[in-house]
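Please read the structure below before turning to the comments.
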Amino acid sequence: MKNRLYKYYPEDFGELTVDVLHMNLTFDVYDDRTNVKSLLRVRTKDAPIEKLELNCKDLEIRAVSCIQYEVSYRYRKDDAILEINFMEEVPPHTEVAVVTETVCRPTKNILEGLYYDETPAGAPPQQITQCQQWGFQRIVPCIDDMAAKCTYKTAIIADSRYTNLITNGDVVIERHTVKPGRDKIVYDNSVTPMATYLFFLGVGTYATFKREFEYPDGGTFMLELLVPPASDAVAAEKALDILHDAVMWVYLFTGPEQFDEEKLPVRKELWDLVRMREKMKHEAKTESTMEEDLKKVRERLAELDKTISPGYRYTGTVYREIGMQNSDFGGMENVGNTTITTNRIMPFPQITDPAFEYMTQVKVHEYHHNQNGSEVTGRSPFEIWLNEAVTVHVEEQYHAFLFGEDYDRLDRVLELLAPASGTFALDSGAASMPIIPDGFNDPNDLITSVTYVKAPEYVRMVESLIGKDTFVRGLDRYFKKFKHSNAATQDWIEAMEEESGKPLKEMSETWLRQAKFPVVEVSAEYDRTARKFTFFLKQKVPDGGKSWEFPFKAALVDEHGNDLVEILERVSGKTSEIVVENVDMPAFLSLNRGYSFYGKLVYKASHEELMMQVRKDKDIIGRFMAFYTLVDREKLKLLKNPEAKPSEDFIELYYRLLNDRQLLEKAGGQFLTIFESVEDEEFAHRYQELYEVRQKLLKAVARKYVNSVISAYRFFEESSVPRDSTLEETARVIKNRQAKNVCLGILATLDTSEIHAMIKQQFETATCATDRLNAFAAYLNSSAPDKVEVLRAFENESKKNLVAWEAFLSVIGSNSSVDVVDLVREMERSEAFRIEQANDQRALYGSFARNRKKSLQTEEGRTLFAEILRKLAPVNEYSTVNMLNAFANIDQMESKYHVPLVKILADLLGELNAQKYPSVYNRIRKLLLGAPNAVKTYITAHGEIPGLQPGKK
């Protein structure tokens, strides 16, 4: 048998033998089962067929027939195939209708197909579907393929006590009682032919909040928010406000003229007038005198609307967001019915600032999928990147619209650089995979930061190379050409080439199909006589790999921070030279501005150059990377010599940056991030030492400037009080709150009774979850004598609210105290912890997995981690695979860790059933194959690992 690392390869996705036309579905939903009747209409293509294979996973088959032909059938359960054999050959271009009657049974932990979500007290079981990518075949026999786009008519019959019976499309038969205790409703989804993975079915008990959405020209549809009963109405209305703004932003600020400077004032005026209109509509409910003024605003809006080419316009009558408490994903688009994890669907009092930012982003992200993903759909799971990357690109533009370009871009760069969970960390270890991988075990394997971060960075590079104006026109061309159909990767690239006239295929082939990223060494020289400056670039390329092609943006900057010249060059080849003529000698170089390419840059700037750049570069990313490099050098010095002390230069620089109000107003406290990492591979995986070095740096700042840091804390505390409830003001407050909690983190390193009192005061008086959790984390890591009492009280409080419980568990799993393992064990024994709940898994187990100084580098941590993986693999493969990524750098770790870490994986490999848990099984194999030195050492001590032997899969 072929020694396969993956279950599915591109050749497994060929052309369909039929065109799928329509599905008539009836779901008769009961507490423990759903009876499903399906009429599937298909049409043969150019060739006749003798059989039709339908995807059918874990269903009970009750009847199968065909209206036009006699058939027999065979359920190949192991293959998840319902094979329908026609008694006579079906000719080409012939329509047939297959009728099936089946039963599906929901579960609590298989978060695919129909499953049980959190049920409100006293209500019938909450049941929702998750069909990405192959969940539809778990509820009805079908051709479960992204190219099987068709229309649907769906009837739902269910318990009358449910407040909501939901599926895709518009209601064509209103909800009515069909017999005592049973209601029926019928929907029609015919405007947007829909891929199977976008299907949604939900029967549940919700509080429903509504708001009319009105376009500038007066067209309307309804926004709906479905959240747990007794949800706070104020928070729900705010969530609808945020959704309204996101939908309006897509209409006004995207589209083929998005970057037309002449039209930008018109778009901004439309934005302001819409807000005015919405306020007037609200006031008009009580003041009749507003009607005339409202009419004038509407007339002006309609007039201005005719002068722009807007972005996507919604085609349905209702756009609904539904809270799902248990899901592998934060959100999922389902043609008119977006599911969003309940803990992030609205601004609960317990929501943290990062969660609030996520909420604003996930709303615009999932809504934009109505165009990119639903109207235009990728051809196979290998195009998931295409559905997601362009949508993330738009999402980031919206985030920048609210929080500022500098803040948004720095936020993304920090995500790239983060040591445990960052994209570079994932993309350089044994778990690395290309944007379009060679294969996969489950489509969920493709839902990673490679898809959601690296792929959008590739899209951003294409935008840089062809220009923003050209890019959005190319997108418009792509959306129009493939509307209501499927598109391949090549189709997107060709649309961009046709619009720009620039070649992109070769560049794209490398970025999309080659793992890892370029590491670019830069050197430079200046010819004073000729006034000529030359950049020399040299790429490090993976063994057997190709050189990457990318945009390189850089500037020569004088001692005052003024750009002498800025360049944007298309770089290709292993080595490149870029010459700048007729220019003065720069004081420093600002390289890879805006993080123009996805990769790492190595340039040996002097200490003086970096100090000048971090103070004066106009580019926020240039400033941060100068700071990052200075801090990296400082950490490396302390790692090499544990007796060394932080330099006065670093201490003063950090202090000055902390007091640079203008900088932090733009970039937020995130600019002051110091990671527990270094670039030097010799020390990069000494996780406990890296933690201690970071603490040492911050403690040095605290000791020298304790009073000044307290003053800064008080300043940011005052500045983080909101002046109004607008999103723009919320963004300002979040930035200041970040800075305040950076100050608290610095002070916490002193670990004195005075600082304990300060931390505890913030914990007890905090008016927002972020301040409270930051204080709790600091207190938990301190030597405060009453921290156990504080922990117990906060635990009891957090258990009462699912949002607070998730945040609490995250702090427990990531804390750095000596008793972290005991605390994690204690929390998983709590009656409030439910292992089948994805939020609980991610919060407690996921945060502990990423806490590698404890989970990998202590004996008790490794024992616990192995137990977690063993328990979790049968419950949720997706969560388990993500946690396994903590093992991605075994070979780079100190040799004393090789055998115990390989043993955890080898033991798991021996215990797991490869057929039942292919994603976990094959991820372990990939991790072991990516650690040849460690595995060799293990084999010497313990013998061969059976799962790695040739012929095993």
Quiz item: Taking only residues two or more places apart in sequence or in another chain, which ones pass salt bridge (Lys or Arg N to Asp or Glu O under 4.0 Å) with Lys600?
Solution: Glu679
Quiz item: Any side-chain heavy-atom pair from Asp353 and Tyr358 closer than 4.5 angstrom?
Solution: no
Quiz item: Which residues satisfy the side-chain hydrogen bond (donor to acceptor under 3.5 Å, both in side chains) test with Tyr598, sequence neighbours excluded?
Solution: Asp427
Specify the closest pair of heavy atoms between [X] and [Y], including all atoms of both residues, with the distance to one decimal.
| X | Y | result |
| --- | --- | --- |
| Ser847 | Ser810 | OG-O, 3.5 Å |
| Ala667 | Ile620 | CB-CD1, 4.0 Å |
| Gln613 | Gly622 | NE2-O, 3.2 Å |

Looking only at the side chains, is there a donor atom on one of [X] and [Y] sitting less than 3.5 Å from an acceptor on the other?
| X | Y | result |
| --- | --- | --- |
| Glu333 | His365 | no |
| Glu692 | Gln688 | yes |
| Asp442 | Tyr6 | no |
| Ser449 | Lys454 | no |

Quiz item: If you round to the nearest 0.5 Å, how far is CD of Glu405 from CD1 of Ile621?
Solution: 11.0 Å
For the backbone of [Y] and the side chain of [X], can you confirm whether one donor and one acceptor N or O come within less than 3.5 Å of each other?
| X | Y | value |
| --- | --- | --- |
| Gln738 | Gly669 | yes |
| Glu463 | Lys468 | no |
| Gln539 | Trp548 | yes |

Is any NZ, NE, NH1 or NH2 atom of the basic residue among [X] and [Y] found under 4.0 Å from an Asp or Glu carboxylate oxygen of the other?
| X | Y | answer |
| --- | --- | --- |
| Asp445 | Arg923 | no |
| Glu689 | Arg694 | no |
| Arg513 | Glu509 | yes |
| Glu415 | Arg412 | yes |
| Arg570 | Glu549 | yes |

Exercise. Determine, stepwise, if the pair Arg593 / Asp617 fulfils salt bridge (Lys or Arg N to Asp or Glu O under 4.0 Å).
Key: CA-CA 10 Å; Arg593 280 195 150 182; Asp617 198 339; 2.9 Å; yes
Exercise. Verify ring-ring contact (aromatic ring centres under 6.0 Å, His included) between Phe550 and Trp511, making sure each step is shown before the conclusion.
Key: CA-CA 9 Å; Phe550 55 85; Trp511 277 107; 7.1 Å; no
Practice problem: Give the ring-plane orientation class for Trp134 versus Phe13, where under 30° counts as parallel, over 60° as perpendicular and anything between as tilted. | Solution: parallel
Quiz item: Just wondering, more than 12 heavy atoms not from Lys505 lying within 6.0 Å of its NZ?
Solution: yes
